[in-house]
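Report on one structure; see the data block that follows.
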Amino acid sequence: MDPERSHPDDPAGRQPVVAVVPARGGSKGVPGKNLAPVGGIPLIARAVRAARAAARIDRVAVTSDDEAIAEAARDAGAEIIARPIELSGDAASSESALLHALEQLALAGSDPEVLVFLQATSPFIDPRDLDLAVARVLDGEADVVFSAVESHAFLWRRDASAGTTGVNHDAAHRPRRQDREPEYRETGAFYVLRVDGFREAGHRFFGRVEVQLVPEAHALEIDRPADLAIAEALAPTLDGRAWQPLLDVDAVVTDFDGVHTDDTAIVGDDGVELVRVSRRDGAGVARLRAAGIPVLILSAERHPVVGARAAKLGVEVLQGIADKGAALADWAERRGIRLDRIAYLGNDLGDLPALALAGWPVAVADAIPEVRRRARLVLSRRGGDGAVRELADAVLAGRAAVGAAADAPAAPPTPSIPPDAAAAEAKPVTVTVTEGVPA
């Protein structure tokens with residue numbers, strides 16, 4: 001298992017929020033479905049990445065009976081729980097796999113307060129929607145929050161004897177869309193559950209149930225080969241927005257070789273080494289400095305080119321560092337910056353100690369697998385090819401989003417849909433709705 005991330009609000013290191021993705025092998029509708037690529041990323045890896053990019057999720061696990069699925073999930077940064085054969089057949093419920101996963105996590109010393117159940121068959125889960133749903137359960141607003149889209153559709157049911165009749169409407173009365181109360185279609189992407197209630201009920205809907213609205217474009221679920229084709233067509237448009245987590249940090253620390261450079265060097269006949277850097281990265285660092293965000297280059301390399309580049313960028317540098325974790329902790333203490341408020345960008349084994357301490361461990365696109373597994377965010381750009389600029393843009397976008405939220409007027413009270421009188425006699429389930437982040 002990868003070491004766990006400590007929750008920033010819990011100095012004891014307890015994991016109050018754990019995400020679990022059940023992903024068995026043997027899919028019949030779409031063979032190998034959980035490993036099917038969308039936008040070049042296997043579905044199981046997309047689910048893991050979304051969970052790891054959510055700020056309120058502390059731990060991510062995949063329960064599977066399939067070694068190929070487990071390997072892909074592990075590479076994406078999840079820990080693996082072996083799913084027993086008796087819980088892996090066509091008739092086995094997701095709930096049974098989730099309860100087994102909770103048992104295994106408890107044996108490993110993790111007893112979460114909240115469970116986030118994700119399904120890999122939803123390729124466009126937005127980490128921001130996960131955070132909104134988790135917050136509502138942690139704040140006591142709900143026992144269960146599930147992803148849904150608003151629907152005003154007229155539904156019909158066919159009966160062999162009576163023909164086709166309206167289900168949610170009177171066929172003789174066709175009110176306008178704006179005159180109808182909305183209904184909510186479950187997307188199947190995620191369910192956020194209070195663990196004690198889930199264990200007691202044994203199923204995913206119990207107590208007070210609420211809806212987290214997600215964008216219609218994110219509601220696609222892969223059930224048929226045609227759905228995969230649609231997802232592949234949507235990925236170039238949606239991934240640029242759905243994979244942008246909210247990086248709310250106070251400082252940025254980076255490695256040098258393989259991050260500011262492409263990890264290669266040109267050596268002249270006089271033994272002098274030259275490296276290639278990106279002007280885009282320099283512009284990104286300049287934007288961070290202009291915003292008052294401290295930047296540190298932390299490098300094991302002693303070559304003078306590191307110091308020269310840092311001087312050119314106008315940022316702090318620590319060179320010849322054997323233990324980057326200790327160096328990062330010392331620098332953060334001297335600067336009065338909390339470790340969980342730091343984004344660290346790395347690419348190789350020497351970065352692992354620092355990545356383990358930083359609140360936002362980030363990897364360049366061509367980082368080694370161990371670093372990509374540790375990272376909460378894997379960038380799309382390679383080292384020396386705009387990765388630092390990509391991180392800088394994400395940090396500044398996160399700061400702007402946090403500032404905008406702080407300046408926004410208070411939201412109106414969440415509307416509630418009361419249960420009918422009959423349901424009220426038997427532990428009613430109430431449903432409230434909160435809008436997600438728009439696409």
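Every heavy atom of this structure was used, including side-chain atoms; hydrogens, water molecules and symmetry mates were not. Please read all numbers here as calculations on a predicted model, not as lab measurements.
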Residue pairs passing the salt bridge (charged side-chain N to carboxylate O under 4.0 Å, His left out) test with at least one member in residues 349-362, sequence neighbours excluded, are K324-D351
Working to the nearest 0.5 Å, report the span between CZ of R199 and CG of L115. 9.0 Å
Main chain of P361, side chain of R374: is a donor-acceptor contact present, judged purely on distance under 3.5 Å? no
For the residue pair F190 and A133, what are the closest heavy atoms and their distance? CE1-CB, 3.7 Å
With rounding to the nearest 0.5 Å, note down the distance linking CG in L391 to CG in L396. 9.0 Å
Pairs in or reaching into residues 45-76: which pass ring pair (Phe, Tyr, Trp, His ring centres under 6.0 Å), with residues at least two apart or in two chains? none
Any side-chain hydrogen bond (donor to acceptor under 3.5 Å, both in side chains) involving residues 273-286? Give me the pairs, sequence neighbours left out, ordered by first then second residue. R280-D385
Any side-chain heavy-atom pair from V20 and V116 closer than 4.5 angstrom? no
Considering residues at least two apart in sequence or located in another chain, which fulfil the salt bridge (charged side-chain N to carboxylate O under 4.0 Å, His left out) criterion with D227? R224
Sub-4.5 Å side-chain heavy-atom contact between D323 and P353: yes
Do any N or O atoms from the side chain of D143 and from the backbone of R194 form a donor-acceptor pair under 3.5 angstrom? no
When you compare the side chains of E186 and S147, does any donor N or O come within less than 3.5 Å of an acceptor on the partner? no
Ion pair check, D250 and R338, cut-off under 4.0 Å: no
The test is side-chain contact (heavy atoms from CB on, under 4.5 Å); show your working for W360 and I342 and say whether it passes. CA-CA 6 Å; W360 270 99; I342 293 175; over 6 Å; no
May I ask you to decide if A106's main-chain N or O and S110's side chain share a donor-acceptor pair within less than 3.5 Å? no
Please list, chain by chain and in numerical order, all residues satisfying ring pair (Phe, Tyr, Trp, His ring centres under 6.0 Å) with F256, sequence neighbours excluded. H260
Taking salt bridge (charged side-chain N to carboxylate O under 4.0 Å, His left out) as the definition, give me every residue that meets it alongside E333, ordered by chain and number, with sequence neighbours left out. none
Determine whether Q212 and F146 make a side-chain contact, defined as any pair of heavy atoms from C-beta on separated by less than 4.5 Å. no
State, with a plain yes or no, whether a side-chain heavy atom of I81 is found less than 4.5 Å away from one of L105. yes
With sequence neighbours excluded, tell me which residues meet salt bridge (charged side-chain N to carboxylate O under 4.0 Å, His left out) with D366. R382
side-chain hydrogen bond (donor to acceptor under 3.5 Å, both in side chains), that's the test. Do S64 and D66 meet it? Break it down for me. CA-CA 5 Å; S64 182; D66 185 282; 5.3 Å; no
Please determine whether a side-chain nitrogen of the Lys or Arg among E216 and R185 lies less than 4.0 Å from a carboxylate oxygen of the Asp or Glu. yes
Is it the case that atom CD1 in I266 sees more than 12 heavy atoms from other parts of the structure closer than 6.0 Å? no
Which atom pair, heavy atoms only, marks the closest approach of A78 to V62? CB-CG2, 3.8 Å
Approximate separation, where rounding is to 0.5 Å, of L43 CG and L35 CG: 8.5 Å
Please check if the number of heavy atoms outside E86 that lie under 6.0 Å from its CD is greater than 12. yes
Across all chains, not counting sequence neighbours, the side chain to side chain contact (heavy atoms under 4.5 Å, CB included) partners of A367 are N347, A363, V364, V371, R372
How long is the span from the OG atom in S94 to the CZ atom in F117, to the nearest 0.5 Å? 4.0 Å
Is a salt bridge present between D65 and R83, judged by a nitrogen-to-oxygen distance below 4.0 Å? no
To check you understand the geometry: which heavy-atom pair defines the closest contact between N34 and R24, and what is its length? ND2-O, 3.0 Å
Is E141 paired with R208 through a side-chain N to carboxylate O contact shorter than 4.0 Å? no
Donor-acceptor pair, distance only, cut-off 3.5 Å: does the side chain of E370 make one with the backbone of L349? no
With a 4.5 Å limit on heavy-atom distance, are the side chains of T254 and Y344 in contact? no
Quick one: does L102's side chain get under 4.5 Å of D111's, heavy atoms only? no
Heavy-atom check, side chain of D393 versus side chain of R287, under 4.5 Å: yes
For the backbone of A76 and the side chain of R373, can you confirm whether one donor and one acceptor N or O come within less than 3.5 Å of each other? no
Find out whether V18 and D58 are in side-chain contact, i.e. whether some heavy atom of one side chain is under 4.5 Å from a heavy atom of the other. no
Nearest heavy atoms of T187 and A148, plus distance in Å: CG2-CA, 3.7 Å
Distance col, row I337:CD1 vs R335:CZ, nearest 0.5 angstrom, shows 5.0 Å
What do the steps show when you test L379 against L345 for side-chain contact (heavy atoms from CB on, under 4.5 Å), and what is the final call? CA-CA 10 Å; L379 301 174; L345 178 59; 3.7 Å; yes
Test your reading of the model: is there a side-chain donor-acceptor pair from E150 to the backbone of P182, 3.5 Å cut-off? no
Spell out, as yes or no, whether a donor-acceptor pair under 3.5 Å connects the side chain of D131 to the backbone of R56. yes
Going by side-chain hydrogen bond (donor to acceptor under 3.5 Å, both in side chains), name the residues that satisfy it together with H152, two or more places apart in sequence or in a different chain. R177
Mind checking whether Y191 and F205 have parallel, tilted or perpendicular rings, split at 30° and 60°? perpendicular
Take I125 and H218 through the side-chain contact (heavy atoms from CB on, under 4.5 Å) test and state the conclusion after the steps. CA-CA 6 Å; I125 299 174; H218 294 180; over 6 Å; no
With sequence neighbours left out, write down each residue that passes salt bridge (charged side-chain N to carboxylate O under 4.0 Å, His left out) with D330, or none if nothing qualifies. R334
Which heavy atom in V114 sits nearest to a heavy atom in V137, and how many Å separate them? CG2-CG1, 3.7 Å
To the closest 0.5 Å, what do you measure between CG (D255) and CD1 (I321)? 11.5 Å
Please check if the side chain of R389 supplies one atom and the backbone of R381 the other of a donor-acceptor pair under 3.5 Å. no
Residue pair I57 / A19: nearest heavy atoms and the distance that separates them: CG2-CB, 3.8 Å
Taking only distance into account, with no hydrogens and no angle test, what donor-acceptor pairs under 3.5 Å do side-chain atoms of residues 289-304 form with protein atoms, sequence neighbours excluded?
from: R289; atom 1: NE; to: G314; atom 2: O; distance (Å): 3.2
from: R289; atom 1: NH1; to: L313; atom 2: O; distance (Å): 3.2
from: S299; atom 1: OG; to: E301; atom 2: N; distance (Å): 3.0
from: E301; atom 1: OE2; to: H303; atom 2: N; distance (Å): 3.1
from: H303; atom 1: ND1; to: V305; atom 2: N; distance (Å): 3.0

Residue set satisfying side chain to side chain contact (heavy atoms under 4.5 Å, CB included) with E103, at least two apart, ordered chain then number -> H100
For F124, does its backbone N or O pair with a side-chain atom of S122 as donor and acceptor, under 3.5 Å? no
